[in-house]
Amino acid sequence: IGTGYVYANFNPQIKFTSNDMNGFVYKLALINPEEPQDASIETSMPRFEGQVTYSGESFRVWTGAFQQAVSVTGVQAFDYDMQGFDVGAHIQVNGFGLTVNYTDTTGIGADGLYGGSINDADVDATQWFFEADYTLDKTRFGISYGEGSQDSRAADAAIGLGSAAEVDNELTMLFVHHQLSKQFRLVGELQDYQSDVQNDYNAIILGFQFDF
């Protein structure tokens, strides 16, 4: 999140998913809107999202978009939109896989979180990542790299907005997943994180995932 990925925000929603039409599937959703907590907010409409996916024998491509209007009330009232689009693809050849995705947003910022602050209003940002992996029997080895970036924006005293700085977040990761059973997976990761606004870190992560 914020290093190539915009958080999905799994709010209450109504979603329609089409049947598979020779590889094409589309989804349309009305989602409970986000309300930044640092101001009085009115959101009269839901967040709108849509996605189209096409899958072939060894690949999948997709594109999607979202939009939500936000009204800031009070003495310095103003309106702005959270909106964006993404495009991506996954290719699988024998045991090798490659995934790439690019997202362009307005009103979210480099942290990749919907509605974090009204100070993200009119901030243009991008998220992108790539991941390459190889699967051998029940074990998957991989490497990924992602960036989350935002452009600077000047303060607007007329509506009470402070300035927004130019920000870059980067995450490089090596990982291994081993599927012990259908439900139980072991996970190991090496991470290197760098940011203009957060503390940099290196991490070794060991864990497991159990699905039931």
Side-chain angles (χ1 to χ4, degrees), residues 1-34 43 45-69 81-108 112-115 125-148 171 173-189 207-212:
I1 301 171
T3 55
Y5 179 65
V6 176
Y7 186 59
N9 280 30
F10 302 100
N11 293 351
Q13 60 187 265
I14 299 172
K15 181 170 67 176
F16 173 79
T17 302
S18 73
N19 294 326
D20 189 321
M21 299 172 289
N22 296 318
F24 282 99
V25 175
Y26 68 88
K27 300 178 182 180
L28 300 172
L30 303 178
I31 301 174
N32 193 60
E34 307 299 332
T43 50
M45 299 293 289
R47 189 168 83 236
F48 299 94
E49 293 195 7
Q51 185 185 61
V52 177
T53 303
Y54 178 70
S55 301
E57 184 175 345
S58 59
F59 70 93
R60 182 165 56 96
V61 294
W62 59 85
T63 184
F66 76 91
Q67 191 277 337
Q68 179 191 311
D81 289 327
M82 298 178 198
Q83 57 191 7
F85 71 90
D86 77 325
V87 291
H90 174 77
I91 301 171
Q92 191 74 38
V93 179
N94 297 323
F96 293 94
L98 178 65
T99 303
V100 294
N101 196 78
Y102 172 84
T103 305
D104 189 286
T105 61
T106 300
I108 290 182
L113 298 174
Y114 290 89
T126 59
Q127 306 279 342
W128 67 269
F129 73 89
F130 80 87
E131 178 178 294
D133 63 76
Y134 177 71
T135 301
L136 180 63
D137 295 327
K138 295 183 179 182
T139 305
R140 185 163 71 103
F141 305 89
I143 181 173
S144 69
Y145 175 80
E147 289 189 8
L171 179 65
M173 182 169 62
L174 299 174
F175 63 88
V176 58
H177 297 170
H178 180 68
Q179 200 75 38
L180 281 177
S181 68
K182 184 177 180 180
Q183 293 83 19
F184 193 80
R185 176 187 303 175
L186 297 177
V187 177
E189 296 179 356
F208 67 86
Q209 178 177 318
F210 182 73
D211 300 314
F212 59 92

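Note: hydrogens, waters and symmetry copies are ignored here, and every other heavy atom, side chains too, is used.
- Ring pair F184/F208: centre-to-centre distance below 6.0 Å.
- Taking CZ of R185 as the reference point, atom CZ of R140 lies at 6.5 Å (rounded to 0.5 Å).
- Minimum heavy-atom separation, L98 to A132: CD1-CB, 4.2 Å.
- Atom CG in N94 sits 11.0 Å away from atom OG1 in T135 (nearest 0.5 Å).
- Partners of N101 under the side-chain contact (heavy atoms from CB on, under 4.5 Å) rule, at least two apart in sequence or in another chain, are W62, D86, T103, F129.
- F210 contributes atom CZ, which lies 12.5 Å from atom CG of L186 (distance to the nearest 0.5 angstrom).
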*asked:* Test side-chain contact (heavy atoms from CB on, under 4.5 Å) on F212 and Q183; report intermediate values, then the result.
replied: CA-CA 7 Å; F212 59 92; Q183 293 83 19; 5.7 Å; no

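- Interatomic distance, OH of Y26 versus CE of M21, reported as 5.5 Å (0.5 Å rounding).
- The two atoms that bring V93 and I91 nearest to each other are CG2-CG2, 4.0 Å, heavy atoms only.
- Counting all heavy atoms, side chain and backbone alike, I1 lies closest to G112 at CG2-O, 4.1 Å.
- Nearest heavy-atom pair across Q13 and A29 is OE1-CB, 4.4 Å.
- Y7 and F10 have perpendicular rings, their planes meeting at more than 60° on a 0 to 90° scale where under 30° would count as parallel.
- Environment of CG in N19: sparse, with no more than 12 heavy atoms of neighbouring residues, nucleotides or ligands closer than 6.0 Å.
- The two residues K182 and Q179 have their closest heavy-atom pair at O-NE2, 3.4 Å.
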_Applying side-chain contact (heavy atoms from CB on, under 4.5 Å) to Y102 and T126, what does each step give before you reach the verdict?_
CA-CA 7 Å; Y102 172 84; T126 59; 3.2 Å; yes

_Run the side-chain contact (heavy atoms from CB on, under 4.5 Å) test on R47 and N11 for me, step by step, so that the C-alpha distance in whole Å, both residues' side-chain angles and the decisive distance to 0.1 Å come before the verdict._
CA-CA 10 Å; R47 189 168 83 236; N11 293 351; 4.0 Å; yes

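- Under the 4.5 Å side-chain criterion, counting only non-hydrogen atoms from C-beta, T139 is in contact with V176.
- T105 has its side chain out of reach of M82: every pair of non-hydrogen atoms, C-beta onward, lies at least 4.5 Å apart.
- In plain terms, the two heavy atoms of K27 and T17 that are nearest each other are CG-OG1, 3.7 Å.
- If you take OH on Y145 and CD1 on I143, they are separated by 11.0 Å, rounding to the nearest 0.5 Å.
- Within the model, atoms CD of E131 and NE2 of H90 stand 8.5 Å from one another, a figure rounded to the nearest 0.5 Å.
- At a threshold of 4.5 Å between non-hydrogen side-chain atoms, the residues D133 and F96 do not count as touching.
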Report all side-chain donor-acceptor pairs from residues 51-61 shorter than 3.5 Å, counting only partners two or more places apart or in another chain.
none

*Between Y5 and L171, does a side-chain contact (heavy atoms from CB on, under 4.5 Å) hold up when you go through it step by step?*
CA-CA 11 Å; Y5 179 65; L171 179 65; over 6 Å; no

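- The shortest side-chain heavy-atom distance between I31 and P46 does not fall under the 4.5 Å cut-off.
- Q68 places a side-chain N or O within 3.5 Å of a backbone atom of E34 that can act as its donor or acceptor partner.
- Under the side chain to side chain donor-acceptor pair (under 3.5 Å) criterion, D211 pairs with Q209, sequence neighbours left out.
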